2 protein chains.
Amino acid sequence: MFNKTIGYALRAVIYLAVKRNHDGNISLSEIAGSLKVPIHYIGKILQSLAKNGLILSFKGPNGGFKASEKTLEATVFDIIVAIDGAAPFTVCSLGLSTCNNEQPCPIHFDVVRQREEIKGNLSKRTILQLAETYETASIYTLS
Amino acid sequence: MFNKTIGYALRAVIYLAVKRNHDGNISLSEIAGSLKVPIHYIGKILQSLAKNGLILSFKGPNGGFKASEKTLEATVFDIIVAIDGAAPFTVCSLGLSTCNNEQPCPIHFDVVRQREEIKGNLSKRTILQLAETYETASIYTLS
DNA sequence: AATATAAAAGACAAACATATCCTTTTTAAA
DNA sequence: TTTAAAAAGGATATGTTTGTCTTTTATATT
């Protein structure tokens, strides 16, 4: 599983994408309330997504967050990298700091191959597509 | 990446597999020293692998640990499950406790498919094969 | 300009994972 | 039967992640 922060981030951006045609902004309290997640915690996450340009944020009265074109076009992979960085996809799975193609750990090439597959899968679907999936049938849930 | 404990566990069982034809046991201090990992911490990990029947352990003078047939036939997947349980491969990637085939999160079916691939990959190679890989060329490293 | 609203930012706290230490138990060898 | 080696087990410490609270900054409205 992804970690908790990634899970919250993905749910939040999908939520914003679902509300993409709403006038005005979506407030932090609405997001936290709808997703049933701790408001301050999700606030930090949205803050860092905004810093990375993956969502829009506005201060002041009627402020809040909003999906942009970039949000809708972003993939699950993009969100993960924005939050955790690329390290999880590059460091040695056995924790060896010296491990690389020249001095590989015994599972190095397996791991490299598998990571390419995973990256491919995580990049296949955009946030907009996931929002649309959510909209197609009432069985889908975000909370 | 796997977590630190999994990394230590895999390196230790591969190390034991490399020493599979040694007479007698491999002591904890030898393992910790060779792999350059904290001795007490790796001790606990080996202890739990022994409890799960994945390696042999012997107390007393000349005691230590040893690879068994089960060790050599085990896969990376088996080691991970022995340490962390199956939860990482079954719980919702977005952290939703209700998520299942009937009430899926938007990425549920993607995740299920990808996990099958990952499980397949992690089950493809045995510890013995990884030890043999290590033995084939001096470029491979365990520490 | 003053006020109210809402996110940003930073400080703090709790929970969990990681790591170490110390004592006990087991057992082989002298 | 005594001794010493080595793992087992329990208790504790450290560090990192996760989560909360408070203050600051920005901005729309009056």
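What you see is a predicted model, and the numbers here were worked out from it, not measured in a lab. Chain letters run A, B, ... following the sequence lines, proteins first and then strands; every chain starts at 1.
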Distance, rounded to the nearest Å, where [X] contributes [atom1] and [N] contributes [atom2]:
| X | N | atom1 | atom2 | result |
| --- | --- | --- | --- | --- |
| A:I55 | C:dA8 | CD1 | C1' | 12 Å |
| A:I42 | C:dA6 | CD1 | C1' | 16 Å |
| A:E30 | C:dA6 | CD | P | 12 Å |
| A:F2 | D:dT18 | CZ | P | 14 Å |
| B:I6 | C:dA19 | CD1 | P | 13 Å |
| A:N25 | C:dA7 | CG | P | 9 Å |
| B:D23 | C:dA28 | CG | C1' | 16 Å |
| B:K66 | D:dA6 | NZ | P | 15 Å |

Side chain to side chain contact (heavy atoms under 4.5 Å, CB included) partner of B:F65, the single match among B:L49, B:T71, B:L28: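 So the option named by the test is B:L28.
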Main chain of [Y], side chain of [X]: is a donor-acceptor contact present, judged purely on distance under 3.5 Å?
| X | Y | result |
| --- | --- | --- |
| A:N3 | A:T5 | yes |
| B:R11 | B:L35 | yes |
| B:S34 | B:I31 | no |

Shortest side-chain distance from [X], nucleotide among [options]:
| X | options | result |
| --- | --- | --- |
| B:Y41 | C:dT20, D:dA7, C:dA7 | C:dT20 |
| B:S27 | D:dA26, C:dA19, D:dA7 | D:dA7 |
| A:K59 | C:dT25, C:dA7, C:dT20 | C:dA7 |
| B:N62 | D:dT29, C:dA29, C:dT20 | C:dA29 |

5' precedence on DNA chain D between A:P61 and A:P38 (nearest-nucleotide basis):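 Between the two, 5'-proximity favours A:P38.
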Whichever of A:I39 and A:F58 has its nearest DNA chain D nucleotide further upstream toward 5':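 Closer to the 5' end of DNA chain D: A:I39.
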For B:P106 against A:L130, the heavy-atom pair lying closest together: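 Here B:P106 and A:L130 meet closest at O-CD2, 3.7 Å.
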Side chain to side chain donor-acceptor pair (under 3.5 Å) between B:Y140 and A:Q103, worked out: CA-CA 6 Å; B:Y140 289 102; A:Q103 245 183 304; over 6 Å; no
Full working for side chain to side chain donor-acceptor pair (under 3.5 Å) between B:T136 and B:T133: CA-CA 5 Å; B:T136 55; B:T133 294; 5.6 Å; no
Under 4.0 Å protein heavy-atom contact, by nucleotide of nucleotides 9-17 of chain D - B base, S sugar-phosphate only: BB-------
N or O in side chain of B:K4 less than 4.0 angstrom from C:dA19 OP1/OP2: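 Yes, because at least one side-chain N or O of B:K4 sits under 4.0 Å from OP1 or OP2 of C:dA19.
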Any B:S29 side-chain nitrogen or oxygen under 4.0 Å from OP1 or OP2 of D:dA6: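 For B:S29, the contact criterion (side-chain N or O under 4.0 Å from OP1 or OP2 of D:dA6) is not met.
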B:H108 side chain near B:N101 side chain, heavy-atom distance below 4.5 Å: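 Yes. Closest side-chain heavy atoms under 4.5 Å.
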Sugar-phosphate, base or nothing in reach of B:G43, heavy atoms under 4.0 Å: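 If one applies the 4.0 Å heavy-atom cut-off, B:G43 turns out to touch nothing in the nucleic acid.
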Touch class at under 4.0 angstrom, heavy-atom based, for B:G63 against every strand present: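 Sugar-phosphate, backbone atoms only, no base.
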